[in-house]
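The structure appears right after this line, and notes come after that.
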Amino acid sequence: MRTTICTIMLAAGAAFADSLPKAPPEGGSRAARFANPPASARILPLHHGRPNNRKANDAELRNLLLDGFGGMACNVSFGTNYLDSAADWDTMRYVAKEAQASGMTLWLYDENGYPSGTARDKTLKGHPEWQARGVLVAVTNVAAGARAELVLPPGTFRLAVACPMKGGRPDTDAAVNLDACAIGGKVTWTAPAQGPAQWRVIGVTEDFLHESTHAALSLALKQPYINLLMREPTARFIELTHDRYAKELGEDLKVFTSTFTDEPSLMSCWLRPMPYYVLPWCPDLPADYRARTGRDLLADVPAIVFENASGTTPRLRYGFWNMVGDRVSRNYMGQLTEWSTRHGILSGGHLLAEEGLCSHVPYYGDFFRCLRALSAPGIDCLTSVPSTVPWITAQFGGSAGALNGSRYVMCEASDHSQRWRRPGDTRPIYQVSEDEIMGSLNRLVWGGVNTFTTRRSAARSR
């Protein structure tokens, strides 16, 4: 979509072929800014790579301004030598300086692919223990006097119990330990003939998480992901990426309004059916849980996963997920914000599944605590048809921004849902109209969004 600026910039480009046009100034009256919005109020396409050619980069920046954009969300080129190419860093420095001279707004995309945190594949190198992990929980019911054979999930065995059933729920307070019955990857146990009519047999293992998670099914890189419950992997991620940007760009780092982290989440939510339940885990989680609650976390796992007969499950779940949310917000988002604040910029981006309330707990523990830990909180909107825009998601982001007093609430907006098709899906691509795009953005603005990034290909096609 081109606005009044396009005519101005075309004339400027013709008159000054050897120099870049200028974005409109940030100051001025409200009427003037509404008629000709400054760069910070314009859409920022995502640009993930560029050639190491100054003329090509000049053309890129010029076209952005002529198309009416305010700048871009960008990063050093992905390439095979990601973060290690001197030529790529020279180009990044040149683009940052030229964009700044033209008055453009830039956001710093922090990852090669997504979810953010892996630095492509560098964060986990030499530290496989930092991969996301969980406890896996298998279950079967058995009648009194019957024999149960429960196949354990993969990983290291941690616990096996049998709980008598009361009113259709397991009595976890009367659990019988079956650790001695866990042999050869399965739990074999015969329920007493006398007493409770039904029992629930529960087996718990600990393992790294990848299969059927977002990290495995992402449309970007399909690789192991970091454990957001731990501080060390995020610190290493920042060292590899953010610290490198600070070193290479120096004072020019401040041309960026904010960082842009993309879809971090716990991998404790299956995106495809799996034969067992999962809770997020890390080595020191049981000690943290005991310090907070005075309880044994491993012993509480059955009551956290299944509604128990004594009615204590809500309290136990709250204690567990409150701890998880606190750790994720501090260890991932908190470290990003600490770094950004030290370097004079904001920390922004969006989480994975902010659209659905049911996803908030397994993905982050505490959605709002994690979102508010960013100083420029954001959301994602994968549709450009107004009737399908998740307006409540915009209110999530807007509320987080309002509670924080944040200047910016970002949304990555696109027509992804109208264009992307799974293999075998023969539905035609739906070409959204300009009116639909404007209507979609208006619904997001109404919810509290004031900054938009978008995929360049979709934006350019307008």
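In what follows, residues are counted from 1 in the order of the sequence shown.
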By salt bridge (Lys or Arg N to Asp or Glu O under 4.0 Å) - contacts of R317 (at least two apart)
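Salt bridge (Lys or Arg N to Asp or Glu O under 4.0 Å) list for R317, sorted by chain: E307.
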Could you tell me which residues satisfy salt bridge (Lys or Arg N to Asp or Glu O under 4.0 Å) with D435, sequence neighbours excluded, listed by chain and number?
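If we apply the salt bridge (Lys or Arg N to Asp or Glu O under 4.0 Å) test to D435, skipping adjacent residues, there are no hits.
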Any idea how [X] and [Y] line up, ring-wise: parallel (<30°), tilted (30 to 60°), or perpendicular (>60°)?
X	Y	value
F237	Y332	parallel
F368	F396	perpendicular
W339	H343	parallel

Could you state the interatomic distance from CD (E149) to OG1 (T190), rounded to the nearest 0.5 Å?
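Atom-to-atom, E149:CD and T190:OG1 are 9.0 Å apart.
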Does the pair R236/E232 count as a salt bridge with the N-to-O cut at 4.0 Å?
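Salt bridge between R236 and E232, a charged N being under 4.0 Å from a carboxylate O: no.
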Residues D179 and R158 bridged, charged N to O under 4.0 Å
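Judged by the 4.0 Å cut-off on N to carboxylate O distance, D179 and R158 do not form a salt bridge.
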Throw together a table of side-chain donor-acceptor distances under 3.5 angstrom for residues 373-385, partners on residues two or more places apart or in other chains.
| residue | atom | partner | partner atom | Å |
| --- | --- | --- | --- | --- |
| S375 | OG | S347 | N | 2.8 |
| S375 | OG | S347 | OG | 3.2 |
| T383 | OG1 | V385 | N | 3.3 |
| T383 | OG1 | T388 | OG1 | 2.6 |
| T383 | OG1 | Q418 | NE2 | 2.9 |
| S384 | OG | S414 | O | 3.1 |

Contacts table for residues 276-287: side-chain donor-acceptor under 3.5 angstrom, sequence neighbours left out:
| residue | atom | partner | partner atom | Å |
| --- | --- | --- | --- | --- |
| D284 | OD1 | R327 | NH2 | 2.7 |
| D284 | OD2 | R327 | NH2 | 3.3 |

Can D110 and S116 be counted as having a side-chain donor-acceptor contact under 3.5 angstrom?
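Side chains of D110 and S116: pair found under 3.5 Å.
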Taking atom types as modelled and ignoring hydrogens, do the side chains of N331 and T234 form a donor-acceptor contact shorter than 3.5 angstrom?
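Judged by distance alone, the side chains do not pair up.
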Applying ring-ring contact (aromatic ring centres under 6.0 Å, His included), name anything that partners W89, two or more places apart in sequence or on another chain.
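Result, ring-ring contact (aromatic ring centres under 6.0 Å, His included) vs W89: Y245.
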Quick one: are C163 and W199 in side-chain contact, heavy atoms under 4.5 Å?
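No, every pair of side-chain atoms sits at 4.5 Å or beyond.
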Does a side-chain heavy-atom distance below 4.5 Å link K186 with L150?
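Result no, sub-4.5 Å side-chain heavy-atom pair not found.
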Anything under 3.5 Å between a donor and an acceptor, one on a side chain of residues 128-136, the other on a protein residue two or more places apart or in another chain? List them.
| residue | atom | partner | partner atom | Å |
| --- | --- | --- | --- | --- |
| E129 | OE2 | H127 | ND1 | 2.9 |
| Q131 | NE2 | L209 | O | 3.3 |
| R133 | NH1 | E206 | OE2 | 2.8 |
| R133 | NH2 | E129 | O | 3.3 |

Please check if the distance between the ring centroids of H210 and Y225 is under 6.0 Å.
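Between H210 and Y225, the centre distance exceeds or equals 6.0 Å.
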